Protein chains: 2
Amino acid sequence: MLRMSKLTDYGTVIMAYMARRPRDVHSVAELAAVLGMAAPTTSKILKRLARHELVQSSRGAKGGYRLARPPEAISLADVIDAMEGPFGLTECSAVAGLCLQEAGCPLRDNWQRVNQVIRRTLDGVTLAEMSRPALRPAAQGAVAAPQT
Amino acid sequence: MLRMSKLTDYGTVIMAYMARRPRDVHSVAELAAVLGMAAPTTSKILKRLARHELVQSSRGAKGGYRLARPPEAISLADVIDAMEGPFGLTECSAVAGLCLQEAGCPLRDNWQRVNQVIRRTLDGVTLAEMSRPALRPAAQGAVAAPQT
DNA sequence: ACATATAGGACCGAGGGGGTCCGATATCGT
DNA sequence: ACGATATCGGACCCCCTCGGTCCTATATGT
């Protein structure tokens, strides 16, 4: 359930890999080879990430992609937002007046809250943490207590 | 992003509606009419929910569906699990050894943790809460601090 | 200049989601 | 006992999006 698309998954893999050498420029060929994915697909993902300014592209020889920001400043939510549309667990919570015509759907507000909790969770996990072998206790705390 | 299927959304709407009269038997026709969805679709959803024992079905005249458990004992995660496959944000975190061949993908463990946090969130919200106009502060606390 | 690399888009096949319909079966009411 | 009412279980279908490929234009380094 709640599965995100495979491209998004790949996106996080690519980003996490690049996060290990934040200043380096990586070509599509390199990333595809190292991460074991098809080059065109890799390219497609990078393009999307670039359009949302999560990576910077440089064209021409010796060109490639580089993280636009330090890994600590890029969250899972950033990557997911870039790869898939904007946030929203339910269709109903995005488009009003669909499910219950006049009953004033009480679900909507509740879904919004749930959404926000999940979003905060995803927002609290950075690429720096994801690229490390395991979420440290401190980071885990940040994940488990996203409340303001 | 992370959008769950429309059928799942409808499923929560149906369940939340039934939660307001937990002991009543509701026919497909009634639910479809009140909630404004097509009858066959409503039926399909109920069947799925019944197969996962979230609702009880009674056939024949005056038959219909009824919650299998009190609304306080049914969580959003239950409904989502019944409607969509079992949990899992990523493909990679379900099937091992896909993304990084030998690097021992550090993402996997981290994704697992994130998954668990989200699951606990969804687990902490009951139908009783969802059917009420808004998540009360107490429930909200339960949502925001799902950590053990 | 030439090789290298990304940008941007067209294109396409497969799969699953959303939705409909039908025959079988079980129960209530008369 | 008979008929009306409902769910059950499955088959069936359309269509859209995802995952993936390829081609041309453009920009950069040697």
Side-chain angles (χ1 to χ4, degrees), chain A residues 1-14 18 24-33 35-68 80 82-85 90-92 95 98-99, chain B residues 1-14 18 24-33 35-68 80 82-85 90-92 95 98-99:
Chain A
M1 63 130 291
L2 283 188
R3 194 161 293 104
M4 55 191 204
S5 82
K6 205 184 294 185
L7 282 196
T8 306
D9 191 352
Y10 289 170
T12 63
V13 173
I14 294 175
M18 289 174 51
D24 286 18
V25 172
H26 306 269
S27 73
V28 167
E30 173 207 344
L31 292 170
L35 302 177
M37 36 183 92
T41 300
T42 308
S43 168
K44 184 180 216 169
I45 295 170
L46 267 313
K47 284 177 205 170
R48 265 192 230 182
L49 294 172
R51 206 169 313 138
H52 288 261
E53 296 172 336
L54 293 184
V55 296
Q56 279 181 346
S57 67
S58 47
R59 300 167 73 158
K62 302 208 107 184
Y65 292 91
R66 192 182 51 202
L67 289 188
I80 297 177
M83 293 302 299
E84 324 205 352
T90 66
E91 193 81 15
C92 154
V95 186
L98 272 185
C99 41
Chain B
M1 62 132 289
L2 284 188
R3 194 160 294 105
M4 55 190 203
S5 83
K6 205 184 292 184
L7 282 195
T8 306
D9 191 353
Y10 288 170
T12 64
V13 173
I14 293 175
M18 288 174 49
D24 285 18
V25 172
H26 306 269
S27 72
V28 167
E30 173 206 346
L31 292 170
L35 302 178
M37 36 184 91
T41 301
T42 308
S43 169
K44 182 182 218 170
I45 295 171
L46 268 315
K47 285 178 206 169
R48 266 193 229 181
L49 295 172
R51 206 169 312 139
H52 289 261
E53 298 173 333
L54 293 184
V55 296
Q56 278 182 345
S57 67
S58 47
R59 300 168 71 161
K62 304 206 105 185
Y65 293 91
R66 192 181 52 202
L67 288 189
I80 297 178
M83 294 303 297
E84 325 206 351
T90 66
E91 193 81 15
C92 154
V95 186
L98 272 186
C99 42

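The structure presented is a predicted model; accordingly, all values stated were derived computationally and were not measured. Lettering of chains follows the sequences in order, A, B, ..., and the numbering in each one begins at 1.
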| task | Taking only the side-chain nitrogens and oxygens of B/S57, find out if one of them lies under 4.0 Å from OP1 or OP2 of D/dA6. | result | no
| task | On DNA chain D, check which nucleotide each of B/R51 and A/R48 is closest to and give me the residue with the more 5' one. | result | B/R51
With the criterion being N/O to N/O and under 3.5 Å, what pairs connect the protein with nucleotides 28-30 of chain D, and how long is each?
| unit_1 | atom_1 | unit_2 | atom_2 | d |
| --- | --- | --- | --- | --- |
| D/dT28 | O4' | A/R59 | O | 3.4 |
| D/dT28 | O2 | A/A61 | N | 3.1 |

| Euclidean distance, A/R48 CZ relative to A/M83 CE, rounded to 0.5 Å | 4.5 Å
| Between C/dG18 (P) and B/I14 (CD1): distance, integer Å | 13 Å
| note | Whole-Å distance, A/D9 CG to D/dG19 P, equals 10 Å
| request: Measure the NZ-CD1 distance between B/K6 and B/I45 for me, rounded to the nearest 0.5 Å. | output: 11.0 Å
| task | Enter the distance from B/L49:CG to B/K44:NZ here, rounded to the nearest 0.5 Å. | result | 13.0 Å
| Atom-pair distance (OH on A/Y10; C1' on D/dC18), nearest Å | 12 Å
| Any donor-acceptor pair under 3.5 Å between the side chain of B/K6 and the base of C/dG17? | no
| query | Do A/R66 and A/S58 have side chains that get closer than 4.5 Å, going by heavy atoms? | reply | no
| Between atom CD1 in B/I45 and atom C1' in C/dG19, what is the gap in whole Å? | 10 Å
| message | Whole angstroms only, please: what is the NZ-C1' distance between A/K47 and D/dA25? | response | 12 Å
| task | Grab the CD-C1' distance between A/E84 and D/dC16 for me, whole Å please. | result | 16 Å
| task | Round to a whole Å and report the spacing from NZ of A/K44 to C1' of C/dT6. | result | 16 Å
